[in-house]
Amino acid sequence: MEGPFSLDLIPVDGASGDESMWEGSLPEEGSIPIPVPIPIPIPSLGAVSEVSAAGVIGTGTHNTGIGHGILPTQVVALTLLLASGEILECSEAANPEVFQAARLHLGCLGIVLSVTFQCVPEFRLREVAFPSTLPQVLEQLEEHLERSQYFRFLWFPHSDHVRIIYQDPTDRPPCSSSSWIWDYAVGYYLLEFLLWISTFIPALVPWINRCFFRLLFSSRVEKVARSHRIFNYECRFRQHVQDWAIPIGKTREALLELREALDAVPGLRAHFPVEVRFSKGDEVWLSPCFRRDSAFINVILYRPYGKAVPIREYWSTYERIMRKHDGRPHWAKAHSCTRKELEKMFPAFPKFCSVREKLDPTGIFLNSYLEKVFY
Ligand SMILES: Cc1cc2nc3c(=O)[nH]c(=O)nc-3n(C[C@H](O)[C@H](O)[C@H](O)COP(=O)(O)OP(=O)(O)OC[C@H]3O[C@@H](n4cnc5c(N)ncnc54)[C@H](O)[C@@H]3O)c2cc1C
């Protein structure tokens, strides 16, 4: 199979883009990835870079920082191979309607052949992480958002412990205090083993959360590195996740309700962390941040050694709270929303549907998940 699978990047502020870092590559047989040979100096990246450009924009991948939008907001143009066989160039200027839909395309508008990202000059980030408590961080949310360009925090459920993480551009030289023993022997292998034990003794989960906070997350740590090395972080082993976006003003209420629900329902166990990230409102039709600054609240249940863990009760408690606070689900993560609900949650959902029906009238790009979303 041959094809011009390219990833185009535009330098800004007169900076020169280093093309050698971005060239695209041909797809492997049976799949059509557009691999991103990192580093990509775009203003914001998600937790992993071993992903495709079309894939990350297709599901609305986000990082954190109230001045930054989700990854699709960094797309300035893309090329689609339509169901009809036609190749369509899209941008604000060319086919703007399709462009608005295709920046977060769910894989159902056509095959993305190229994506042009707005990039920035390469930059270094300084990460400063320090402990706090849930009431404190919620009380000082505005200050944290102002103080750090890429602010996020991790809450350790069944406790009030919080890890605050600031990331900001810097000229300081690279430095790191990471250690294999703490980060992997303890933070990965021992954790996975203890979580596996907790599948037999669920009452251990709150103890694990508190214990790992003390061991790994209760002191101040700093590191400096190129931006992608700081944006990306270890996501550990197999897991179930949900990550809804709620209007930023509802962050405090929603998290306090989640804490109350976890305390109130006996037997409900939540793994650490609950990760809270922030994103700027945007105009991307299917974006969870469409026209509102948002907080993403990511909840996690690990599957140690691939073992199944009960999720129903935690998921339904979390979803009830997210729905109550006008939440919108992340498209790459679990949710139980029907088309009717999605129409209410995403104001531009009907516009997206009409573009999809025009571009792919026979539904060749649909699968069973998308059929549930659209029918
Ligand atoms: C370890 C891990 C960490 C993560 N961290 C974050 C995070 O920090 N923030 C966040 O928001 N999300 C995060 N995610 C979710 C992740 O960003 C999304 O799942 C993303 O879509 C993965 O990209 P991919 O290349 O694997 O996409 P895929 O899963 O391969 O594809 C995603 C969608 O795009 C479509 N697609 C892919 N290529 C094309 C193409 N060429 N043309 C048309 N459609 C296409 C697929 O059909 C599918 O619908 C994480 C996921 C993992 C596994």
Side-chain angles (χ1 to χ4, degrees), residues 1 3-7 24-28 30-38 40 44-65 68-75 78-83 87-88 90 98 101-115 150 152 154 165 167 188 228 230-245 273 275-279 284 286-289 294-298 300 302-303 328-335 356 359-360 364-374:
M1 196 170 175
F5 292 83
S6 66
L7 174 68
S25 73
L26 294 178
E28 287 165 17
S31 68
I32 305 178
I34 304 178
V36 181
I38 53 173
I40 315 176
S44 194
L45 276 179
V48 286
S49 287
E50 293 82 10
V51 283
S52 62
V56 284
I57 66 163
T59 56
T61 299
H62 66 91
N63 180 21
T64 192
H68 297 279
I70 63 172
L71 262 66
T73 63
Q74 297 165 32
V75 174
L78 48 80
T79 315
L80 279 177
L81 172 60
L82 303 181
I87 290 182
L88 199 70
C90 316
V98 178
R103 283 198 288 172
L104 197 165
H105 53 76
L106 299 185
C108 65
L109 301 182
I111 296 173
V112 177
L113 299 181
S114 77
V115 182
Y150 303 96
R152 68 189 161 106
L154 313 177
I165 299 160
Q167 296 172 342
Y188 190 112
H228 73 279
I230 297 285
F231 286 141
N232 291 169
Y233 50 89
E234 176 57 60
C235 294
R236 303 196 181 90
F237 27 93
R238 278 201 240 174
Q239 53 198 250
H240 296 286
V241 281
Q242 292 221 34
D243 190 16
W244 290 44
E275 183 177 23
V276 184
R277 294 184 277 182
F278 303 89
S279 270
V284 178
L286 288 192
S287 167
C289 306
S294 304
F296 280 92
I297 299 182
N298 188 90
I300 190 161
Y302 286 109
R303 302 183 56 202
R328 296 173 182 155
H330 187 310
W331 293 104
K333 307 193 184 179
H335 69 83
R356 188 198 71 74
L359 297 185
D360 183 19
I364 67 167
F365 292 118
L366 293 183
N367 56 24
S368 56
Y369 167 79
L370 290 170
E371 275 163 12
K372 264 192 251 158
V373 166
F374 292 115

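Ligands are counted one by one from 1 in listed order, and the atoms in each one are counted from 1 as well. Predicted model only: the values in this text are computed from it and were never measured.
Side-chain contact between T64 and I165 is absent, with no heavy-atom pair separated by less than 4.5 Å. Here the side chains of F231 and Q167 are in contact, with some heavy-atom distance below 4.5 Å. Looking at heavy atoms from C-beta onward, L80 lies in side-chain contact with V112 at the 4.5 angstrom threshold.
Contacts of F237 classified as ring pair (Phe, Tyr, Trp, His ring centres under 6.0 Å), with partners at least two apart in sequence or in another chain: Y188, Y302. Contacts of H68 classified as ring pair (Phe, Tyr, Trp, His ring centres under 6.0 Å), with partners at least two apart in sequence or in another chain: Y150.
In this structure, CD1 in I300 is found 10.0 Å from CG in D243, a value given to the nearest 0.5 Å.
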* Going through the checks in order, is the side chain to side chain contact (heavy atoms under 4.5 Å, CB included) test met by I70 and L104? -> CA-CA 10 Å; I70 63 172; L104 197 165; 4.2 Å; yes
* Audit row: F365, L359, side chain to side chain contact (heavy atoms under 4.5 Å, CB included) steps and yes/no -> CA-CA 10 Å; F365 292 118; L359 297 185; over 6 Å; no
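Under 4.0 angstrom from ligand 1, the non-hydrogen atoms of C235 all belong to its side chain.
Heavy-atom proximity to L106, at under 4.0 Å, picks out these atoms of ligand 1: 49 (O). Atoms of ligand 1 lying under 4.0 Å from any heavy atom of T61, numbered from 1 in the order shown and given with element: 9 (N), 10 (C), 11 (O), 12 (N), 16 (C), 17 (O), 18 (C), 20 (C). Applying the 4.0 Å criterion to heavy atoms of T59 picks out, from ligand 1, the atoms 18 (C), 20 (C), 21 (O), 32 (C), 33 (C). Here is the list of ligand 1 atoms found below 4.0 Å of a heavy atom in R277: 7 (C), 8 (O), 9 (N). Per-residue contacts place A54 under 4.0 angstrom from the following atoms of ligand 1 (heavy atoms of the residue considered): 38 (N), 39 (C), 40 (C), 41 (N). Numbered from 1 in the order shown, with element, the atoms of ligand 1 that lie under 4.0 Å from a heavy atom of V51 read 22 (C), 23 (O), 25 (O). Near A47, meaning under 4.0 Å from any of its heavy atoms, are these atoms of ligand 1: 5 (N), 7 (C), 8 (O). Using a 4.0 Å cut-off to heavy atoms of A332, the atoms of ligand 1 that qualify are 15 (C), 18 (C), 19 (O).
Close N/O approach between V112 and ligand 1 is found [any backbone or side-chain N/O within under 3.5 Å]. Not a single N or O atom of Y233, backbone or side chain, sits closer than 3.5 Å to an N or O atom of ligand 1.
Looking at G46, P288, G55 and measuring to atom 27 (O) of ligand 1, the nearest heavy atom belongs to G55.
Nearest heavy-atom pair across N298 and K333 is OD1-NZ, 3.1 Å.
For G110, the heavy-atom gap to ligand 1 drops under 4.0 angstrom.
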